[in-house]
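What follows is one structure encoded as structure tokens, with my remarks underneath.
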Amino acid sequence: MKAIVVTPRNNDEFKFVASLLKKLGVNSAPVSQEDLEDIGLSSLMRRVDKTKKAPRAEIMKKLSA
């Protein structure tokens, strides 16, 4: 199933949308700004090209820097 992320402009709009969804019987849950960033990062990670591999030595060199 798909989901929709709605970002209200202010607290009054947030309360209105939450109330409307509740009256419609639609499940909803508030999401923090940090959670939204995590969702975006997760989306980018899923779309990255996974066919190329970096040599272990190169990774270790960057980690030690």
| Straight-line distance of L20 CG to E13 CD, nearest 0.5 Å | 11.5 Å
| said: As an exercise, state the distance from CD of Q33 to CG of D35, rounded to the nearest 0.5 Å. | reply: 9.5 Å
| Hey, is the main chain of A54 close enough, under 3.5 Å, to the side chain of E58 for a donor-acceptor pair? |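 No.
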| field | Test item: S64 side-chain N/O and M60 main-chain N/O as donor-acceptor pair under 3.5 Å | value | yes
| query | Among all residues two or more places apart in sequence or in another chain, which pass the side chain to side chain donor-acceptor pair (under 3.5 Å) test with D38? | reply |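 Listed in chain order: nothing, the list is empty.
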| field | Pairwise side-chain contact, L44 with V48, heavy-atom cut-off 4.5 Å (strictly under) | value | no
Closest non-hydrogen atom pair between [X] and [Y], with its separation:
| X | Y | value |
| --- | --- | --- |
| F14 | P30 | CZ-CB, 4.1 Å |
| K50 | M45 | CE-O, 3.8 Å |
| V5 | L36 | CG1-CD2, 3.6 Å |

| same_hphob_cluster(V26, F16) at 4.5 Å side-chain heavy-atom cutoff | yes
| query | Has N27 got more than 12 heavy atoms of other residues, nucleotides or ligands less than 6.0 Å from its CG? | reply | no
